[in-house]
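A short worksheet on the structure shown next.
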Amino acid sequence: MNPLMSAEQAVLGAVLLDPEQLTHLEWLAAGHFYRPVHQALFDALRKLRDDGHPALSADGPLPLSWVSDAVVEAGQHVRGLTAAYAHTLIQACPRTEHAPVYGRMVLEGAIHRAVAQHAIRLHQAARADAVQGEVEGALRTADALNGVLADLARRWGTDPRPVPPTAGPSAATEIPPPAQSDQVAEDERFLLAVLAEQPGAMGEVVAWLRPGDFANPTHGQLYRCLGALHHRGEPIDRITLLWEAQRRGLLADGTLSSEQLASVCEGMVPGSADWFGQRVMRSSVTRTAASARAIRTLAQDEVLGPGRLINHALHALGPLDEVRTRWATARAASAMTVPSSSPRRQPRCSVTAPYT
């Protein structure tokens, strides 16, 4: 027998034997049970209690009507429940006074399931947004996961705070980032070309775009070089960019070659750094949200206690919170920009979504 199923049977058996145990289980909800028949029966027992079932005020042994009426009530919402199974639940309970402990076992299993399910939804929403060039679905799903974690922390009685997983068996397995699409790589190359060729272009994006937002690590390193030149107030062009890359050892360690830099920045690209930067930023949001797979890995670790799982999951959501804050900054800055008298044209090959 699965330990979780044993705990579910034991807590229900305890309440069937002693209805007073429900007063010690107010924090437990029917949805925390894994099996639908257990959910329906727990709801039925609580409803009978709230309706003032006669068995609760009876003197002497508990009337059999408490069990039979619970089976009838639950049977209206689920199939397959019999009186024989109710008696099986009673036999599965070692001690009725241990019902709160059995309930905490049920809640622990529910926490692991809920975190895993919402992490899967976030990963799926991020993948869908990446295809559609959106971020709203992933951000809404992330908010839902944050809300679930806060509710589970309250029910478990822990203080929700981000805590990184420690090294060891319970630490999340490192998951490689999803492969970048050709469109994302093209947007990054176009952005770097604009930043290298247009004076002052770095000023449009430097406040909210970071090297880690680039899916291609080489592109991220080139952006870091551009940022260093901008920070020092030095002129930016292909030659100064190449020199900065050399000073940072990118040419010596094979991260970058002069031919690669020329390839990335070749040709004049008419366009706005802000426009391309937002496309790179949007890709970064969905890519970061897709890292929710790491939360699912944490939730599948049965050794990890609920409190630690909740706090580790909050820590895993931290990068997404940081990226979405910068995304909001980018959107706000774009909305405040006064359009010029001659709008800048985007290259045809890069226009796959409306300007947002």
Side-chain angles (χ1 to χ4, degrees), residues 115-149 175-195 204-205 207-217 219-220 223 264 269-297 313 316-337 339 343-356:
V115 173
Q117 290 168 359
H118 281 81
I120 292 172
R121 291 172 188 169
L122 177 54
H123 181 239
Q124 292 173 338
R127 289 176 61 90
D129 275 358
V131 173
Q132 299 169 5
E134 303 291 342
V135 299
E136 287 75 14
L139 296 181
R140 283 196 304 268
T141 310
D143 288 338
L145 176 54
N146 267 309
V148 166
L149 292 173
I175 298 177
Q180 59 173 319
S181 68
D182 291 340
Q183 182 62 60
V184 171
E186 185 178 71
D187 289 336
E188 293 180 357
R189 288 195 299 269
F190 284 159
L191 173 61
L192 292 171
V194 170
L195 295 177
E204 298 181 31
V205 300
W208 42 265
L209 189 65
R210 301 288 180 269
D213 294 324
F214 289 78
N216 186 313
H219 293 167
Y223 180 74
V264 168
V269 177
S272 162
D274 176 78
W275 191 85
F276 285 122
Q278 285 199 41
R279 289 179 67 87
V280 172
M281 187 82 244
R282 187 164 54 212
S283 171
S284 178
V285 172
T286 56
R287 193 168 58 254
T288 305
S291 65
R293 290 179 298 177
I295 300 178
R296 179 185 179 185
T297 301
L317 285 174
L320 178 58
D321 293 335
E322 190 270 339
V323 171
R324 76 185 297 177
T325 298
R326 291 189 287 105
W327 166 250
T329 301
R331 299 279 290 168
S334 178
M336 294 174 59
T337 302
R344 284 172 274 194
R345 296 175 54 210
Q346 309 302 327
R348 293 182 180 179
C349 57
S350 69
V351 180
T352 58
Y355 182 88
T356 55

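Contact of the Val280 side chain with the Val205 side chain is not registered, since no non-hydrogen atoms from C-beta on lie closer than 4.5 Å. You'll find the side chain of Val115 stays beyond 4.5 Å of the side chain of Val148, heavy atoms only.
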> What do the steps show when you test Gln278 against Trp327 for side chain to side chain contact (heavy atoms under 4.5 Å, CB included), and what is the final call?
Replying inline: CA-CA 8 Å; Gln278 285 199 41; Trp327 166 250; 4.1 Å; yes

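Arg282 places no side-chain N or O within donor-acceptor distance of the main-chain N or O of Val135, the cut-off being under 3.5 Å. Between the side chain of Glu188 and the backbone N or O of Ala215 there is at least one donor-acceptor pair closer than 3.5 Å.
Under the side chain to side chain donor-acceptor pair (under 3.5 Å) criterion, Thr141 pairs with no residue at all, not counting sequence neighbours.
Between His219 and Phe214, the ring planes lie perpendicular to each other; the angle is over 60°, past the 30° to 60° tilted range.
For the atom pair CG of Leu195 and CZ of Phe276, the computed distance is 10.5 Å after rounding to the nearest 0.5 Å. Between atom CG of residue Leu317 and atom CG of residue Asn146 there is a gap of 5.0 Å, rounded to the nearest 0.5 Å. The CZ atom of Arg279 lies 5.0 Å from the CD atom of Gln183; values are rounded to the nearest 0.5 Å. Rounding to the nearest 0.5 angstrom, the gap separating the NE2 atom in His123 from the OG1 atom in Thr286 is 10.5 Å. Atom CG of residue Asp187 and atom CH2 of residue Trp275 lie 6.5 Å apart, to the nearest 0.5 angstrom. Considering CG of Leu122 and CZ of Arg127, their distance stands at 12.5 Å, rounded to 0.5 Å.
Sorted by first then second residue, the salt bridge (Lys or Arg N to Asp or Glu O under 4.0 Å) pairs that include residues 316-326, not counting sequence neighbours, are Asp143-Arg324, Asp213-Arg326, Glu322-Arg326.
Between Val194 and Ser272, the closest heavy-atom pair is CG1-C, 4.4 Å. The heavy-atom pair separating Met281 from Trp208 by the smallest distance is SD-O, 3.8 Å. Here the shortest heavy-atom pairing between Leu320 and Ala142 reads CD2-CB, 3.5 Å. Heavy-atom minimum distance, Ala290 versus Ala126: N-CB, 3.6 Å. In plain terms, the two heavy atoms of Ala138 and Asp129 that are nearest each other are N-OD2, 2.7 Å. The shortest non-hydrogen separation linking Gly277 to Leu209 is O-CD1, 4.1 Å.
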